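Taking it in order: structure first as structure tokens, then the write-up.
Positions are given from 1, in the same order as the sequence printed here. All figures in this text were calculated on a predicted structure; none of them were measured in a lab. Counting convention: from 1, in listed order, for ligands and their atoms alike.
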Amino acid sequence: MSVKLYETHSHTPLCKHAHGLPLEYAEQAYSKGLAGLIVTCHNPMPDGFSAPVRMLVEEFDQYLQIIDDARQSMQERLEVHTGLEADFYPGYESWLEQQLSSFDFAYVLGSVHPQIPEYRKRYWTGDTLDYQRTYFRLLADAAETQLFDCLSHPDLVKNETPESWNEQQILPDICRALDRIAQTGVAMEINTSGANKAIRQINPFPAMLKEMCVRDIPVVIGSDAHVPGRVADGFLEALDLAEEAGYAEITYVLHHECHLVSIRDARQVFQKASGQVFS
Ligand SMILES: [Zn+2]
Ligand SMILES: [Zn+2]
């Protein structure tokens with residue numbers, strides 16, 4: 001049986017801060033030896049909530065269309081799946097419930113985005129540690145809604161106050177959040193775009209990944225590509241990190257079903273794609 005790997009986190013121009021149509025991302029995914037692409041652009045939200053970085057409600061049909069176009073063009077060469085990156089923000093749960101049941105999404109990422117103005121305004125108390133604690137508590141709240149398949153970039157908050165980020169100080173709070181997340185069965189992401197952020201490190205940081213592994217939380221690798229050239233970016237490094245943290249397998253989720261791929265098999269796919277010789 002051949003090993004299937006996916007780009008699980010990718011965007012479209014509809015979110016106003018990404019470039020390239022799904023077809024261009026799909027072509028990249030194909031050329032890198034992946035089995036498929038899951039498109040997960042930022043979900044529409046009501047009341048103008050963080051409107052500058054997401055599609056409008058009225059653009060949702062267009063979103064489905066451009067993914068369909070990619071699916072048609074790739075035919076049987078590559079699977080193209082329709083997913084969504086949905087913001088978790090307390091107060092909007094019923095909106096999300098409705099949105100996520102209105103379409104048969106193949107994969108739904110749950111994201112707490114501490115960088116958006118609405119979030120800062122509501123949660124910033126002037127205390128950085130407090131801000132970080134809130135973030136991890138919300139991440140666990142997100143998991144407990146059972147609305148999402150996977151939690152994206154799960155230590156993103158460190159980039160909001162990079163100068164006062166202290167892994168050891170926050171780790172007990174993270175562990176409390178992970179205890180709750182592990183109970184839900186929701187997966188967590190290894191997001192390679194973190195390497196391009198203020199703290200240049202794949203999300204989550206190694207000690208957190210280790211705590212996830214101890215709790216048997218499944219991990220899904222995604223690049224969070226906002227340009228086609230980043231499809232599968234850093235995946236080999238992500239596999240190394242997962243292995244160092246104690247994982248033997250990574251996961252992908254399609255239609256609420258978790259599929260396991262051994263890290264050894266996954267590495268072979270990427271090595272083949274990058275022209276490296278197997279060891
Ligand atoms: Zn984005
Ligand atoms: Zn995100």
Side-chain angles (χ1 to χ4, degrees), residues 6-22 24-25 28 37-45 48-56 59-60 62-63 66-67 82-90 92 96 99-100 105 107-120 123 132 134-136 138-143 145 147-160 162 177 181 186-205 208 219-234 238 253:
Y6 295 80
E7 172 54 84
T8 65
H9 192 158
S10 67
H11 290 274
T12 78
L14 291 172
C15 70
K16 309 175 187 80
H17 61 281
H19 302 276
L21 288 168
E24 296 167 68
Y25 290 73
Q28 283 285 330
L37 171 77
I38 310 176
V39 185
T40 52
C41 209
H42 299 284
N43 68 323
M45 291 285 274
F49 178 90
S50 92
V53 294
R54 63 189 64 252
M55 69 185 96
L56 300 168
E59 287 172 323
F60 184 68
Q62 197 186 336
Y63 177 61
I66 56 178
I67 300 171
T82 306
L84 201 66
E85 176 175 4
D87 273 61
F88 174 72
Y89 191 81
Y92 288 90
L96 280 188
Q99 182 172 62
L100 299 177
F105 293 103
Y107 181 58
V108 178
L109 287 166
S111 292
V112 180
H113 281 134
Q115 72 272 39
I116 63 173
E118 290 86 347
Y119 183 102
R120 277 176 166 272
Y123 293 113
Q132 292 161 6
T134 301
Y135 171 84
F136 290 106
L138 289 173
L139 210 56
D141 290 347
T145 65
L147 288 168
F148 314 107
D149 297 308
C150 178
L151 303 172
S152 332
H153 40 59
D155 65 346
L156 190 61
V157 72
K158 68 187 176 189
N159 294 301
E160 289 311 289
I181 294 166
V186 175
M188 294 176 81
E189 186 178 56
I190 301 182
N191 184 309
T192 64
S193 77
N196 309 316
K197 299 204 164 124
I199 295 178
R200 305 181 72 80
Q201 191 179 44
I202 285 175
N203 312 99
F205 62 97
M208 177 169 170
V219 281
V220 180
I221 296 178
S223 80
D224 203 349
H226 285 69
V227 290
R230 280 209 63 252
V231 167
D233 188 28
V253 184

For this session: Would you please indicate yes or no on a ring centroid separation below 6.0 angstrom for H17 and H19?
Result: no
For this session: Quick one: sort the Y89 and Y123 rings into parallel, tilted or perpendicular, breaks at 30° and 60°.
Result: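 If you compare the ring of Y89 with that of Y123, the planes turn out perpendicular.
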Problem set entry | Under 2.8 Å: N/O/S of H153 next to the Zn ion (ligand 2) |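 It does: H153 brings an N, O or S atom closer than 2.8 Å to the Zn ion (ligand 2).
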Exercise. Between E189 (side chain) and V220 (backbone), is there a donor-acceptor pair under 3.5 Å?
Worked result: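 Here the side-chain-to-backbone pair does not exist.
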Exercise. Can you name the salt bridge (Lys or Arg N to Asp or Glu O under 4.0 Å) partners of D155, sequence neighbours left out?
Worked result: K158
Exercise. Can you name the residues that form a salt bridge (Lys or Arg N to Asp or Glu O under 4.0 Å) with D87, not counting sequence neighbours?
Worked result: R54
Seminar exercise, completed: So, leaving waters aside, the tally of protein N/O/S atoms less than 2.8 Å from the Zn ion (ligand 1) stands at 3
For this session: Identify, with sequence neighbours excluded, every residue that meets side chain to side chain contact (heavy atoms under 4.5 Å, CB included) alongside Q62.
Result: L14, E59
